[in-house]
Each structure stands twice: as C-alpha cells, then as structure tokens.
Amino acid sequence: MSKGVVSKDEDYSQWYNDLVLKADMAEYSPVKGCMIIKPYGYSIWERMQAVLDGMFKETGHVNAYFPMMIPKSFFSKEASHVEGFAKECAVVTHYRLKNDGNGNIVVDETAKLEEELILRPTSETIIWNTYKGWIQSYRDLPILVNQWANVVRWEMRTRLFLRTTEFLWQEGHTAHATPEEAIAETEQMLNVYADFVENWLALPVVRGKKTANERFAGALDTYCIEALMQDGKALQAGTSHFLGQNFAKAFDVKFTNKENKLDYVWATSWGVSTRLIGALIMAHSDDAGLVLPPKLAPLQVVVVPIYKHQEELDNISMFVKELTRELKAKNIRVKFDNRDTHRPGAKFAEYELKGVPLRVAIGSRDMQNGTVELARRDTKTKETVNQEGLTAVIEVLLEEIQSNIYQKALNFKAENTTEVDTYDEFKRMLDEQPGFLSAHWDGTSETEQRIKDETKATIRCIPLDNKQEEGKCILTGKPSTQRVLFARAY
RNA sequence: CGGGAUGUAGCGUAGCCCGGUAUCGCGCCACAUUUGGGAUGUGGAGGCCGCAGGUUCGAAUCCUGCCAUCCCGACCA
C-alpha cells in the first residue's frame, strides 16, 4: 500500500497497526486498551466462531453462558489461580451513580457493594462453583461445556487484537471422572485448534506443552499451539489446559465413582480469542494490505466493472448477474462493486488493502472477447481467462490460494526454525534472524528464567512430537534429553 | 509503572524558538469532463489548535498542572 501503510520492513509494529486501522478491521476506542471491532473485522470473527463452534459440537460439546461478574471471594479459592490473575482484574465496587447537585455525575458512595465483583478474566471459578451443583455421580460426567464470551484482563500494554483489555473468546470447561479422560480431552481440543488454525487460517503451528513457568495459573499442564509471525516472533494462538483436580478441590466438587468411592472431578479448560485475527493479519499480509485466506475472507471474490457508458455497464451487469448467481450457488462469497462513485483503480487498491483473495475485472474489451481479468491477491498476478467456465476456474483458484498461503507460511516457518547448540549462536540468531530456535535445555525454571532475562526469548513449548536425543543445555551445559522451542514472543 | 514521542478540520500536517484566532495535502459537498491501477478542473463546506489554570491588551505559540494515544521496556493463559 503506497498510501498510508508503512512498509513491513521499515517498521513492523507500525505496519501492523496501519493494516488493522486502514483495512477497517478495528479502531481505537475512548477506553484505554479497548478497541472497537468494526464490521469487516467482526465478520472474520463470526466466521471463526461458526467454524469452531461446529468443531466443538462435532466433538460433543454444548454451549452455555455464565455471568460476566464473579464474586471476589471465588478468586481466593485456588491459590495459584488468584496469583496469576489478581494483578489484572477490573473490580466493580458500586452499583449506582448520582447527580452531585453541581451537574456532575458521581459514584453514589451509599451504593457500595458488600462484596466486590470481578469482571471475569476467565471463568474457571464461577463455572466450577456451578459444577458443584451439577455433579454427584460418575453418571453426571463428563460435562462438556463451552462458552462464547468477553473477558477483561487489565494488561499494562495492549495491542490491537493481540492483547486488548477486553477481548472476545470462547472458553471450554469440561469435567471428567478420570485423569486419562481429562488429558485425552485436553489433547483433543489442542488438535481441534491446530486443525482449525492450519486449515482455516492457513497458518502452520507447533503443538506443544508449556514449561512450568509458562503454565496457566491453576493448571497441571498447559498445551499450546505456537505460530510464527513474519517478523520472527512467536504468537501463542491457543491453549488447552489439564487442570487436574485443582478446581474441583478449590470448589469442593466431588463425585461418587463406579467403585462407590468419593473422588474429586478432573477438569480441563481451553480457549482461543480474537487474538487469532491478529495472527491472521500478521502472518500473511504484505505492504499492499491484508492477505486473507479464502476460507475466512468475508468476501472471496469482488467483481469490478470497467465502462465508459451506461449501456456498457448494463451489458457487463447482465453477465455479472449470472456469474454471481453461479458463484453464490457454490457458496462463494462474491460482491459486484458497481459503484459509480469510485474509479476502477481506487477499487482495486481498496480490495487489495482489505485482502479479498480474487478480483474479477470486466470491461467492454472483455465483453467483446468473452474474457475477464482475474487477479490474485496472494501472488499479485493477473491473467485473462475465458468467461466460459469461469465459476469453475474461480472455485479451483480459491482452493489454490488457500493452500498457497499455507505453503508460504509453512516454508517461512521451516526457514526460520533453527537448531542451535551454543548460547552464543542462540543469541546471535535472535539478533540476526529471529524465529524458532530449537535448543537443549536442562529442564530447570532457573535456567529458563535466566535465558529470558538475558535474551527476552522464552520457551514457547516443548513440542509434542519431539524426538528424544542426548544433548547439553545451551546455558548450563547440563545434560538434556530433548530440544525445546525458544523464541521471542508477542 | 519507567524511557521516548505526539496531540492543530474526518485523516495526515505547517505554524510554536521570535505571542496578533491558522498553512498545505488527502478526504467531503456541487457541477462538468472522466472511468483497463488510487482521475481532472472550477466552486464550496468544515477548526473551542487535547483539557484546565496562569502570564499578557492579546496565547496554537510562553509557564504550570493534568489527560490521552503511540513506540520501546517492565508486565502478560
């Protein structure tokens, strides 16, 4: 984008912000750290929701909704959980405003809540408080519930889509009779996320487990998918937690098992958020604007007429009317942009900025030749193709674009994943060619912390498919049995 | 919360040192000519110069305080 979008190489952060704002995905709001998701951005979220929701249902889950406000006392019940979230909670203390007589609206101090309410940073507490009433017997298990919701985390520094004070997400909360079943659920949902991100966002991920340092507050194990952005930084795209019996114990959720013994319930939770939209933008886009994978693009094909006179437009419109009818019959999202108020060049630039995968341009010359001009957003290439059979060509091209975008990201990930064996090399790579660094680590939190302090790189995950091999920790030289994945992260 | 920067029309900006109510571009509106990569011309509309104080005859400009946003840190499933 020559107009108004900073080049990716010049200033990656600025480029990203420009894209979000200029492509009409979102804008800043009057509330610090909170953004307004505009219709174009929200329609991507709606598509993500629809697909994920289908996958959740397919795996046996049902949706429910729990309150946005949680009694403060709930948070003190699980020690590490409160530790993890206390510093970023928004607290509701009053329930009424009043006019102070000088025309100012002030908080009515007489309307102070006896117990403060917390705007949920996540819903484990209120949900497990609820599950206590739902579960008595193994016959009540499993409970496989998901919630689509907003949550609030008062982060110090926010970034559009990637980390906002309020964000939209889904959170699954399941209850099981055995640890094996809960772990299987945790892994299943991680795979659902990985499939979704790879197949729909066209973004390859690494599946892995977090180290103790990076684990979710209250979890025994946190599984995650990690993606690599174009600047070589990693982005956690989704997490799935095995919570053990921590929340069941905290909220006293017991059940009678088949052996007629009382036991605490085993739990999982898992979530992905509107951060995925940020990942989508960062992973594929270029200096001309967004590059959206066809499967998630709100608009897959845009048709731009080029004409001098009304009768030419009428002629083109007749053809396009039939074309759009055919495309829509194939469930292809198409728009005929016949606005007379913008010239073709302006439209081309606009749809490139917005990442529409395919553009069809039709002028009188095409109408005479029985052709159209077909332009791909991902490769920025144009070709002239016959009107005859165009629908089938478009259908194939959309699939090709989807896989091309994925392949490109896959290549990028491969090129920017490096095995390093010394700390010097590790530091050099971080500075010269940031990306995933696969290295040996002695397994201690102290070493992990020291590497983080010294290099800002964290262990993104211990990959699930890790091969076991002898090695020495890059920092301490102590023996190690496998490589872990380091990177600087968002 | 620390460091840096910025707040002037919808957006991007000039003016600030050296005080006299504001420049230019994009966008917007009207008309005409245009339409195969961000059109051109003519005319027009749009401003409590971030907010609050202070200095002054007079403040976008000087002083004080505050607020907001962005970037870099710290922080962050």
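Taking atom P on both nucleotides, B:G25 is separated from B:G2 by 42 Å, rounded to a whole Å. Comparing B:A68 with B:C31, their P atoms are spaced 45 Å from each other, to the whole Å. Rounded to whole Å, the C1' atom of B:G65 lies 33 Å from the corresponding atom of B:C24. Separating the C1' atom of B:C75 from that of B:C16 is a span of 37 Å, rounded to the nearest Å. Taking the C1' atoms as reference points, B:C48 lies 33 Å from B:C1, given to the whole Å. Comparing the P positions of B:A39 and B:C26 gives an interatomic distance of 12 Å, to the nearest angstrom. B:G47 and B:U23 have their P atoms separated by 13 Å, with the value rounded to a whole Å. Here, B:C67 and B:A52 have their C1' atoms 10 Å apart, quoted to the whole Å.
One interatomic measurement links the two molecules: CD of A:E214 to C1' of B:C75, which rounds to 12 Å at whole-angstrom precision. Rounded to whole Å, the distance from CZ on A:R163 to P on B:A74 is 12 Å. Put simply, CZ on A:F85 is 7 Å from P on B:A77, counting in whole angstrom units. Counting to the nearest Å, the P atom of B:G73 and the NZ atom of A:K233 are 6 Å from each other. If you measure from atom NE2 of A:H173 to atom P of B:A77, you get 16 Å, rounded to the nearest angstrom. As a whole-Å value, the separation of A:F348 CZ from B:G36 P is 8 Å. Residue A:R377 contributes atom CZ, which lies 14 Å from atom C1' of B:G37 at whole-angstrom precision. As rounded to whole Å, 16 Å separates atom P of B:A77 from atom CG of A:D221.
At a cut-off of 3.5 angstrom, counting only N and O atoms as typed in the model, there is a donor on one side and an acceptor on the other between the side-chain of A:E352 and the base of B:G37. Between the side chain of A:R359 and the base of B:G37, at least one donor-acceptor pair of N or O atoms lies under 3.5 Å. One N or O donor and one acceptor, one from the side chain of A:K382 and one from the base of B:G37, sit under 3.5 Å apart.
Here A:T122 lies out of heavy-atom contact (under 4.0 Å) with every strand. Using a 4.0 Å heavy-atom distance criterion, A:W154 is classed as making no nucleic acid contact. Within 4.0 Å of A:Y16, counting heavy atoms only, lies no atom of the nucleic acid at all.
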Taking it one step at a time, do A:T268 and A:T174 satisfy side chain to side chain donor-acceptor pair (under 3.5 Å)? CA-CA 5 Å; A:T268 83; A:T174 68; 2.5 Å; yes
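Across all strands shown, B:G65 forms a Watson-Crick or G-U wobble pair, both distances under 3.5 Å, with B:C51. Shown here, B:A32 forms a base pair with B:U40; the pair counts as Watson-Crick or G-U wobble because both key distances fall under 3.5 Å. Remark: B:C11 base-pairs with B:G25. Criterion, Watson-Crick or G-U wobble with two distances under 3.5 Å. If you check B:C17 for Watson-Crick or wobble pairing at under 3.5 angstrom, you find it has no partner at all.
Using a 4.0 Å cut-off, some side-chain N or O of A:R343 falls inside it from OP1 or OP2 of B:G36. Remark: A:N17 is not in phosphate contact with B:U69, judged by side-chain N or O atoms under 4.0 Å from OP1 or OP2. In this model, the phosphate group of B:C76 is approached by a side-chain N or O of A:K87 to a distance below 4.0 Å at OP1 or OP2. The shortest distance between the side-chain N/O atoms of A:R159 and the OP1/OP2 oxygens of B:C71 is below 4.0 Å.
When each of B:C71, B:A77, B:U35 is scored by its nearest atom to the side-chain atoms of A:T239, the top-ranked nucleotide is B:A77. Between B:G36, B:A77, B:C70, one nucleotide has an atom nearer to the side chain of A:R153 than all others, and that is B:A77. Set against B:C75, B:C70, B:U35, the side chain of A:Y28 has B:C70 as its closest nucleotide. Listed candidates were B:G37, B:A77, B:G36. Nearest to the side chain of A:I306 is B:G36.
Both cation-pi conditions hold for A:K77 and A:F74: the charged atom is under 6.0 angstrom from the six-membered ring centre and inside a 45 degree cone around its axis. At least one test fails for A:K132 against the ring of A:F251: distance under 6.0 Å to the centre or angle within 45° of the axis.
Donor-acceptor pairing under 3.5 Å is recorded for the side chains of A:Q449 and A:D453.
In summary, A:R377 and A:D286 engage in a salt bridge, as defined by a charged side-chain N under 4.0 Å from a carboxylate O.
For the pair A:F216 and A:R365, nearest-nucleotide mapping onto RNA chain B gives the more 5' position to A:R365. The nearest heavy atom of RNA chain B to A:Q236 and to A:Y307 marks one nucleotide each, and the one closer to the 5' end goes with A:Y307.
Taking the centre of each ring, A:F85 and A:F75 stay at or above the 6.0 Å mark. In this structure, A:H61 has its ring center closer than 6.0 angstrom to the ring center of A:W270.
Between A:F216 and A:H241, the ring planes are parallel. Angles under 30° get that label, and only those over 60° would be called perpendicular.
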